[in-house]
Amino acid sequence: MTDLSLGGRTRVDRDRLLHLLQNYGVHLGVAVLLLVNIAITPHFLSAENFRTQAVQVAPVLVVALGMALAIGSEGVDLSVGSVMALSTSLLSLYLGYGMWIALLIAVLGGVAVGVTNGALVAFIGVQPIVATLALMVAGRGLAQVLLPQLKDVRDPTMASLGSGDLLGVPYLVLIAVALALLVAFVVRRTTFGRQLLAIGDSRPAAKLAGLPVRRVLILVYVCSGALAAIAGVLATARLTASDPTSLGNLMELSAITAVVVGGTPLSGGRVRVGGTVAGAVLIQLLTATLIKHDLPPSWTQIAQAVVIILAVYAARERGRR
Amino acid sequence: MLSVRGLSKTFPGVHALDGVDFTAHAGEVHALIGENGAGKSTLIKVLTGVYRPDPAATPGTGVITYDGSEVEFTTPLAAQHAGISTIYQEVNLVPLMSVARNLFLGREPRGRLGLIDFRRMHREAEQALRDLGVRVDVRRPLRELGVGAQQMVALARAVAVDARVVIMDEPTSSLEPREVATLFGVIRMLRARGVAVIYVSHRLDELYEVCDTVTVLRDGTSVHSGPIAELDRLRLVSLMLGREVGDVRDEGLTNFSGNHDTEAQPILEAQELTVHHQLRGVSLAIRPGEVVGLGGLLGSGRSETAKAIAGALPPDSGRVVVAGAAVRTGSTPAAIRAGVSLLPEDRKAEGIVPGLSVRENIALAALPGLSRFGLVDEARIDRVVDTFMKRLRIKASGPHQRVGELSGGNQQKVLLARWLAMNPKVLLLDEPTRGIDVGAKAEVQKLIDELADDGLGVLLISSDVEELIEGSDRVVVLKDGAVVEELTGDAVTEDRLLRAIAAAPATTADPRTRGGDDD
Amino acid sequence: AKSEDDDADSGDSTSASEGDAGQVVSSPGAGAETCVIGDYGAEKLDLKTATVGFSQSEKEANPFRIAETASIKAEAGKRGVKLLTANAQSQFSKQISDVQDLIAKGADLLVIAPLNSDGWEPVLRQAKAKHIPIVTIDRKINAAACKDYVSFIGSDFVEQGRRAADRMIEATGGKGELAILLGAAGNNVTTDRTKGFQEQLKKKAPDLKVVFKQTGEFAREKGQQVTEQLIQSKPGIDGIYAENDEMGLGAVGALKGAGKKAGDVKIVTIDGTKNAVRGIVDGWIDGVIESNPRFGPLAFQTLDTFTKGGKVAQDIVIKDSAYTKDNAKSDLGKAY
Amino acid sequence: MTIDTPSPVRPVDKVTEGEPLGASRSERLSAFAQQHGALVTLVLAVLAAWLSFDTFMTVDNTQNMAVSSAFLAVVALGMTFVIITGGIDLSVGSLFALGGVLAAWGSQYGTAVALLLPLAVCGLIGFVNGLLIARSRLAPFIVTLAAMLGARGILLAVTDEGSKTYLVDKDSFFATLGQGKVLGIGAPVWITVGLFVAGAVVLRRSRFGQYVYAVGGNEDAAALMGAPVARTKTAVYTLSGLCAGLAGALNAAWLVSGVTILGSGMELEAISAVVIGGTLLSGGFGFISGSLVGVLLLKVIQNVINQIGSLDSAYQQVVSGGFLAVVVIAQTWLGRRRRVL
Ligand SMILES: Nc1ncnc2c1ncn2[C@@H]1O[C@H](COP(=O)(O)OP(=O)(O)OP(=O)(O)O)[C@@H](O)[C@H]1O
Ligand SMILES: Nc1ncnc2c1ncn2[C@@H]1O[C@H](COP(=O)(O)OP(=O)(O)OP(=O)(O)O)[C@@H](O)[C@H]1O
Ligand SMILES: [Mg+2]
Ligand SMILES: [Mg+2]
């Protein structure tokens with residue numbers, strides 16, 4: 001099948017380069033930021049520092065993984081931040097029964113929100129952005145109704161989940177990595193993953209091809225909700241407190257940014273897990289750099305804007321003309 | 001009038017055009033033909049500013065000359081302003097906007113203060129369509145029209161401007177004989193006016209009927225150019241295929257063999273299917289090993305019938321029975337589980353998943369069968385994909401090319417492969433050969449025959465009367481959403497079919513009798 | 001549900017009323033300017049039969065706001081006054097509408113906890129047209145006292161910053177490098193608490209250098225994250241000034257996580273919540289400047305005096321206490 | 001009735017304009033409900049509130065609601081154009097705040113500067129958004145998200161990290177744009193009404209409006225039909241930026257100061273209003289008047305919550321989230337009913 005005659009060499013090389021940039025622009029960005037930091041930031045090259053960055057990025061990454069699935073199905077999940085809040089409320093409320101039960105209930109809360117989102121999208125046909133917007137507003141309210149104010153978490157297992165490590169790698173990081181591998185596996189190797197991409201690319205075609213569109217969509221939002229709930233648990237463990245008011249604020253935007261910067265198009269039909277990880281890391285490193293150099297908030301915001309645009313610009317689908 | 005020399009166009013990984021020479025003169029109808037993927041649509045898009053040609057390797061080539069001077073259109077708008085109007089291959093209008101707005105987009109009649117004069121616009125739109133024999137409420141959204149009527153709107157749009165070149169990329173693929181006749185009338189009128197018409201079609205009869213000159217493309221290069229009268233059909237086909245005349249003669253032009261066994265019990269029975277405004281108690285039966293044709297005019301409800309059977313259109317009442325068991329209606333998965341597969345009419349919107357690869361597209365429906373415990377079995381998929389890509393001669397740079405990048409005909413083959421991979425009991429084919437080149441068409445027809453021989457029940461919807469007659473063992477004729485006649489045995493002739501269709505005055509797309517279009 | 005505390009005996013469940021430290025006016029307005037009802041242009045009325053509208057700025061989700069609203073409600077209940085409430089959920093446009101709604105619903109008197117000092121013109125004009133007395137609590141409105149509003153009751157945020165600086169100087173010995181965890185950007189409280197702190201440092205301890213100033217948005221998690229970055233890039237930091245308790249507690253969490261010991265880095269915070277005061281007892285925090293949220297009694301007292309025709313001060317600045325190692329244990333009950 | 005999932009690609013039947021001539025009565029009824037569902041809900045909500053609270057339908061209260069809706073309405077106006085092209089603009093909240101600050105700063109040099117400065121800056125940011133979206137083909141969501149951060153950054157930079165608030169002279173002409181009244185109705189309301197009328201005429205009756213619908217309905221087709229797709233897209237984002245900046249300026253005139261903490265979450269409010277108003281987020285269908293109704297509906301709900309008065313702040317959110325869900329479900333359902341009929 002390789003009967004395509006190729007043009008001049010240089011052209012191909014340039015195409016290949018563009019292609020690489022398009023696919024691995026984020027990774028390049030991460031590398032550049034690392035190098036810059038090593039050069040200009042004191043105390044950057046230390047295990048402690050990398051640990052800090054990894055631990056801080058873990059919850060965002062976990063949320064972003066779910067978001068990547070939602071975006072891959074041509075949807076979006078704005079409720080993730082509120083699900084984190086709900087999860088932390090539930091966790092704190094049920095911690096009296098022991099961590100595992102509380103954790104289970106917290107995740108179930110996320111699943112419940114996911115089922116609602118999914119049902120609104122799949123059965124009623126509400127647009128994902130609006131459906132999840134409604135749950136974003138209501139979810140945080142609910143979290144605060146359940147737990148009106150910040151509450152300390154003293155459970156020792158939770159504390160060790162937040163700060164303990166295995167062979168020097170914090171549990172949080174291990175969990176995030178494991179979940180990333182899991183999601184990558186699901187996307188690549190399972191029927192669910194394939195069907196999700198087909199639905200995201202062309203819903204009518206997927207429907208006529210007999211795919212269980214509704215089931216897949218509901219499952220997508222359930223995954224997103226569950227992952228956000230897990231992120232809520234992780235963040236709670238790290239803070240050793242449940243703070244439904246501020247936990248997960250603007251998380252939906254961070255997660256979407258990570259996913260999109262990582263090269264997953266918002267138009268659906270494609271999920272890049274590795275890119276999502278790199279996207280989350282890129283944003284984390286950027287904020288870290290700006291904070292470490294004590295730049296004022298105005299700078300931070302403008303720099304973030306610029307980096308986001310650069311990243312998606314590099315990864316953009318090049319002109320069809 | 002319009003000519004190119006040594007034009008090339010490369011897409012990542014594909015050399016769609018490779019030094020094409022082409023010249024269209026004023027007052028002639030110039031046929032542009034070639035196999036699927038030969039580059040016809042690409043050439044048209046380059047000519048009209050949708051795509052930019054590759055920079056020329058040698059000076060003097062790769063340029064477009066229009067009206068004696070070198071031009072470079074950067075947008076379709078620029079080409080339109082220069083007097084080139086185009087009907088692109090896929091019906092390309094805005095479904096949610098009204099018919100009139102589609103017709104006049106960008107050149108609305110304006111009254112005082114530069115605001116659009118809707119009254120005039122509607123009047124003129126109605127008139128323009130009536131001239132083409134289409135009577136619709138021009139205020140309604142375009143999407144409520146059938147594909148054919150939409151095509152006529154596109155035609156009206158193209159000829160409404162004072163164009164000096166009119167390009168038509170497979171305009172007849174979704175038209176009925178009557179509309180085709182109207183279209184030819186329009187073309188002759190354009191020719192008389194001194195307009196250069198560039199005409200793409202896979203239907204050879206049409207070419208001989210209206211075209212003066214022909215250019216044959218093969219693999220992105222022009223292999224022949226000259227008056228069409230100097231070529232006989234066989235020669236034309238052999239040029240397209242790049243094979244010797246002798247080989248082509250052996251294979252023939254249509255590829256249906258004789259009849260099939262029609263004695264067995266029906267494998268599929270549709271009973272009294274009714275869909276509000278669309279179908280009125282349609283019943284039909286398909287026996288294993290039989291090809292049932294579904295005839296009728298544009299908008300007679302053929303696609304709806306197929307969709308209702310396949311679960312894609314929930315009927316208000318009626319049953320579908322497959323192999324003796326009733327199938328839950330309104331559910332595609334249920335129909336597919338029962339062994340009923342539909343090849344949809346609207347390939348672009350409802351068939352292919354454009355962003356996924358050829359491989360994923362072929363395996364899509366069969367995935368559950370090609371996986372264990374929800375994990376896909378890559379090796380088995382590779383085998384299946386390989387088999388079908390070879391068997392259907394799917395022309396792609398490899399199994400991993402995105403389907404959206406394939407030519408229309410190859411996309412259709414991918415869809416066929418998707419369903420064949422499912423081993424269905426009944427195949428519902430809605431315009432299976434629309435936009436497919438002769439070579440592939442013959443193969444698809446042969447395939448349909450083979451499938452029927454293997455005991456598959458086939459429902460064939462085709463606007464190509466010849467295909468319908470030759471391919472079907474039995475033809476069910478629909479009109480206004482109801483069965484009006486069934487032709488069996490010797491009665492399956494073109495004459496009988498046309499008479500059945502023409503039995504009552506046919507109106508095209510009367511909005512009053514129609515419900516929602518396919519979703 | 002069963003939370004951790006349901007069977008553990010924890011101090012958290014003690015109600016707000018226990019050991020309630022009502023507000024004390026710091027500058028009993030001898031020379032200060034005052035206001036009487038005639039100057040303001042309103043009519044005398046009886047507070048008992050009046051309707052009071054209370055506009056809260058933020059959700060009652062942090063100790064300060066909870067205590068503040070609770071105190072207002074409790075006092076209204078005690079006095080038998082009809083109270084209308086609204087909550088702006090941290091959205092300034094909503095607060096403007098809220099107060100307008102309260103006026104439309106027939107509030108005779110207004111108590112406002114403003115989200116922002118500027119931008120009150122539409123409300124003030126409407127209130128003036130109806131001669132509705134306004135008392136603002138905890139934050140000031142930038143307008144003319146006794147003309148646009150009656151009086152302001154609250155702390156002096158700049159002063160709080162200065163006092164925090166004093167505590168910091170004492171704790172660090174006046175030398176070293178400091179970090180500031182700022183509140184939310186664009187917020188008056190942030191601006192004032194920063195201003196007072198830095199002024200005082202410049203004046204009293206020029207050797208204390210502020211080398212790091214980042215926002216923790218008044219939230220614990222953000223405070224923790226920023227501090228984590230801080231101790232990576234500036235391991236030798238001597239003190240952290242957190243503009244509210246929550247960020248300070250976040251900083252404590254970060255220091256613990258980095259393996260620091262209590263007292264390694266001096267922390268001074270503002271607010272006076274229970275958790276922070278407990279932090280002093282545990283040795284992690286070196287000083288908490290109080291910002292007393294219990295406005296109820298003083299606010300209603302002011303309204304009462306005013307509506308009866310009495311003189312009230314235009315600026316009623318309350319005396320905030322402070323918690324240090326010396327009094328933290330004994331005064332823990334006073335914290336909210 | 002059989003239920004069926006509508007496809008995102010070719011949404012539910014919508015009548016683009018006018019009365020569907022040959023439609024049956026029930027079809028027409030639900031077409032009406034689909035188009036004017038928000039209006040019906042608004043009328044019902046107002047009636048219910050009127051009956052329940054005697055302080056609702058007062059001159060004061062309606063005045064307040066009208067004026068405070070005006071600013072969101074102007075933002076929603078620009079957003080409607082963007083959403084009809086199938087895009088989205090998340091930057092409007094930040095641009096609103098930035099516009100206010102710039103207007104307040106500029107007001108010291110006169111009304112012209114106070115209006116033109118925010119329009120120029122916000123329009124420029126909108127224009128850049130448009131270029132990135134239309135020419136570089138970046139996703140609107142992410143481009144405008146970045147613009148939201150960037151505009152907030154600029155705001156912080158010009159206000160000394162948010163610590164400076166510029167004030168407007170209360171007696172200036174600029175202030176009367178926010179404060180003044182004509183025929184007893186606030187100036188911002190008149191301005192808003194004027195803008196909506198102009199917006200509706202542009203969208204319905206101008207060629208540009210046709211392009212807006214065409215681009216949202218089917219971008220590729222629009223391009224092949226010769227519509228200036230890139231220019232149209234750039235224009236709508238510029239327009240949205242201009243609207244947000246103008247709304248911010250008017251708001252500053254109303255508040256007589258450039259408040260720095262405004263606008264967060266406003267983009268979502270505006271999007272909700274537009275969607276409640278019946279405009280499809282997938283593009284190609286929608287109308288200006290619906291967005292106005294959507295804004296009013298949100299305002300009435302908020303007012304009713306305040307009328308109830310005793311609702312806990314956390315419950316308020318649950319109520320408004322639930323309400324949003326109910327409205328969109330009802331709308332989607334009505335839309336589908338019409339199709340299945
Ligand atoms: N956008 C694109 N990206 C990549 N390849 C493309 C693109 N468009 C077309 N091609 C490739 O260019 C070749 C020519 O396609 P074209 O659509 O011009 O064929 P065609 O002659 O019109 O075929 P058909 O008769 O099926 O319509 C094909 O191999 C196709 O795969
Ligand atoms: N809501 C509607 N308003 C107006 N006409 C409609 C509506 N829904 C369906 N129709 C018409 O009903 C007809 C039945 O469509 P269908 O596509 O099944 O016809 P067909 O016989 O398959 O023709 P084709 O050859 O185009 O496939 C269509 O032509 C379409 O125009
Ligand atoms: Mg073609
Ligand atoms: Mg059809």
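It should be emphasised that the depicted structure is a prediction, and the values quoted were computed from it without experimental measurement. First the proteins, then the strands, lettered A, B, ... as listed; each starts at 1.
- B:Leu364 and A:Ala198 make their closest contact through CD1-CB, 3.5 Å (heavy atoms, listed as atom of the first residue, atom of the second, distance).
- The heavy-atom pair separating A:Asp201 from B:Val353 by the smallest distance is CB-CG1, 3.2 Å.
- Of the residues considered (B:Ala365, B:Ser331, B:Gly355), B:Gly355 shows the highest number of contacts with chain A, using heavy-atom pairs under 4.5 Å.
- The shortest heavy-atom contact between A:Gly210 and B:Pro333 is O-CG, 3.6 Å.
- Atom CG of B:Asp377 sits about 12.0 Å away from atom OG1 of A:Thr191, to the nearest 0.5 Å.
- Shown here for B:Ala312 and A:Leu208, the closest heavy-atom pair between the two residues is CB-CD2, 3.1 Å.
- Looking only at heavy-atom pairs under 4.5 Å with chain A, the residue among B:Leu342, B:Leu370, B:Asp219, B:Leu356 that has the most is B:Leu356.
- A:Arg270 has no carboxylate O lying under 4.0 Å from a charged side-chain N of B:Glu360, or vice versa, which leaves the two without a salt bridge.
- Proximity to chain A (any heavy atom under 4.5 Å) is restricted, for B:Ile352, to the backbone atoms N, CA, C and O.
- Contact tally against chain A (heavy-atom pairs below 4.5 Å) for B:Glu378, B:Met422, B:Arg337: the top residue is B:Glu378.
- Note: B:Pro354 leads B:Pro368, B:Ser371, B:Pro354 in heavy-atom pairs under 4.5 Å with chain A.
- Look at B:Glu350 and A:Lys207 and you find no salt bridge, because none of the NZ, NE, NH1 or NH2 atoms lies under 4.0 Å from a carboxylate O.
- By the 4.5 Å heavy-atom criterion applied to side chains, A:Arg194 and B:Ile381 are counted as neighbours.
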